[in-house]
Amino acid sequence: MGSPGLSDAALDSLIERLRVRRGLNFHDYRRTFIRRHVENRLIAVNIMDGDIAKYEAIIKKRPEELDDLFDRLTINVTEFFRDVAVWEYLAANVFEPLLSRAGEPVRIWSAGCAGGEEPYTIAIIILELLRLIRKKPEVKIIASDVDPVSLARAKTARYPEASIAKVSEHRTKVYFSKKDGYVQVSPAVTSMVQFVEHSYLTPLMGRHVDFISCRNSLIYLTKEAKAEALRNFHAALVPGGIFVLGASEVLIGENNQGLFETLSGQSSIFKKIGA
């Protein structure tokens with residue numbers, strides 16, 4: 001049971017405030033997920049009795065509190081090369097074959113890219129593979145997010161040093177420069193990524209991509225919103241295109257909708273079924 005002061009009406013009011021401020025409609029997120037994080041945020045600002053009126057007063061005095069709540073709801077905690085084994089598999093079994101198709105263009109979509117660590121990770125892998133290929137194809141990496149603030153951060157390509165904890169020493173030297181407690185991604189990497197403001201709950205119009213990454217995001221959506229996202233990903237992929245989720249996300253039964261099949265030995269990497 002939620003806090004006594006956190007009624008559905010109060011939750012709806014907060015969701016609308018967040019939509020106006022940051023553009024994301026949290027009605028597509030699971031209600032229990034939102035309620036839990038709002039209640040945790042009330043405790044964080046020392047509202048122990050769950051009185052939503054007190055929280056509204058804090059927001060009125062300091063609107064930036066909505067940004068703090070937004071960041072917790074969107075779980076904007078990521079890093080470069082998160083789940084290293086997944087990236088190693090993708091490099092050898094997905095990206096290398098794509099890049100070796102006799103110079104054919106390669107299109108990649110990083111959906112829900114948040115601060116940009118994921119599309120830049122993909123760009124680093126692609127750059128390493130391109131050095132081994134004689135006839136280099138055109139590569140376009142589209143990175144999308146619904147939040148303009150996250151996109152603005154991503155475009156700066158500037159991150160805390162902790163974000164490269166899983167990056168090898170060689171890659172750190174080649175693709176990053178360290179400056180006063182933060183790291184800057186090299187122009188060779190950033191030039192490969194095009195950031196766009198877009199929700200994956202709407203179709204990616206006019207784009208046909210070979211690979212989609214949407215990791216650690218769908219698990220927070222309602223069943224209906226997740227189904228809509230999967231249909232959009234399926235429509236955006238070329239026949240046989242590859243789709244990767246987070247390590248804890250699976251597509252089984254009706255959740256899959258018959259759109260994807262799991263790659264052998266991989267629980268979070270999928271291949272498009274059908275045209």
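Remember, predicted model here, so these are calculated numbers, not experimental data.
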Ignoring hydrogens and angles, tell me if any N or O in the side chain of [X] forms a donor-acceptor pair with the backbone of [Y] under 3.5 Å.
| X | Y | result |
| --- | --- | --- |
| Asp145 | Ala114 | yes |
| Asn232 | Leu201 | yes |
| Tyr200 | Ser144 | no |
| Arg72 | Asp68 | yes |
| Glu228 | Thr202 | no |
| Tyr159 | Val185 | no |
| Lys226 | Leu218 | no |
| Thr156 | Arg153 | yes |
| His234 | Ile273 | yes |

Report yes or no: do [X] and [Y] belong to one cluster of Ile/Leu/Val/Met/Phe/Trp/Tyr joined by side chain heavy-atom distances under 4.5 Å?
| X | Y | answer |
| --- | --- | --- |
| Val174 | Ile126 | yes |
| Val167 | Tyr182 | no |
| Leu24 | Ile219 | yes |
| Leu69 | Ile47 | yes |
| Tyr175 | Leu99 | yes |

With a 4.5 Å limit on heavy-atom distance, are the side chains of [X] and [Y] in contact?
| X | Y | answer |
| --- | --- | --- |
| Ser217 | Leu245 | no |
| Val149 | Arg21 | no |
| Ser168 | Phe81 | no |
| Lys178 | Val183 | yes |
| Arg19 | His27 | no |

Exercise. More than 12 foreign heavy atoms under 6.0 Å from CD of Glu64: is that the case here?
Worked result: yes
For this session: Give a yes or no on whether Lys173 atom NZ has more than 12 heavy-atom contacts from other residues, nucleotides or ligands under 6.0 Å away.
Result: no
For this session: Show your working on side-chain contact (heavy atoms from CB on, under 4.5 Å) between Met48 and Ile43 and close with a plain yes or no.
Result: CA-CA 5 Å; Met48 308 308 293; Ile43 295 172; 4.0 Å; yes
Exercise. Is there a side-chain contact (heavy atoms from CB on, under 4.5 Å) between Asp71 and Arg22 once you walk through the steps?
Worked result: CA-CA 10 Å; Asp71 286 342; Arg22 299 293 289 269; 4.2 Å; yes
Looking at [X] and [Y], what are the two nearest heavy atoms and their distance?
| X | Y | answer |
| --- | --- | --- |
| Ala123 | Val189 | CB-CG1, 3.7 Å |
| Val106 | Leu98 | CG2-O, 3.6 Å |
| Cys214 | Glu118 | N-OE2, 4.5 Å |
| Gln184 | Ala157 | NE2-O, 3.3 Å |
| Val193 | Ala143 | CG1-CB, 3.7 Å |
| Gly116 | Phe195 | CA-CE2, 4.2 Å |

Exercise. Under 3.5 Å, is there a donor-acceptor pair between the Glu117 and Ser163 side chains?
Worked result: no
For this session: Measure from the ring center of Phe211 to the ring center of Phe95 and say whether it is less than 6.0 Å.
Result: yes
For this session: Verify whether the ring centers belonging to Phe260 and Phe233 lie closer than 6.0 Å.
Result: no
Seminar exercise, completed: CD1 of Ile122 to CD1 of Ile108, rounded to nearest 0.5 Å, is 6.0 Å
For this session: Hey, could you give me the CD/CG distance between Glu16 and Leu14, rounded to the nearest 0.5 Å?
Result: 11.0 Å
Problem set entry | Stepwise side-chain contact (heavy atoms from CB on, under 4.5 Å) test for Leu263 and Phe270 | CA-CA 5 Å; Leu263 292 191; Phe270 308 89; over 6 Å; no
Exercise. Using the ring of each side chain (for Trp, its six-membered ring), is Trp109 parallel, tilted or perpendicular to His198, with breaks at 30° and 60°?
Worked result: perpendicular
For this session: Could you give me the CA-CA distance, side-chain angles and deciding distance for Asp210 and Ile242, then say whether side-chain contact (heavy atoms from CB on, under 4.5 Å) is met?
Result: CA-CA 6 Å; Asp210 301 286; Ile242 303 298; over 6 Å; no
For this session: List the steps, then state whether salt bridge (charged side-chain N to carboxylate O under 4.0 Å, His left out) holds for Asp8 with Arg35.
Result: CA-CA 9 Å; Asp8 285 341; Arg35 185 180 296 277; 2.8 Å; yes
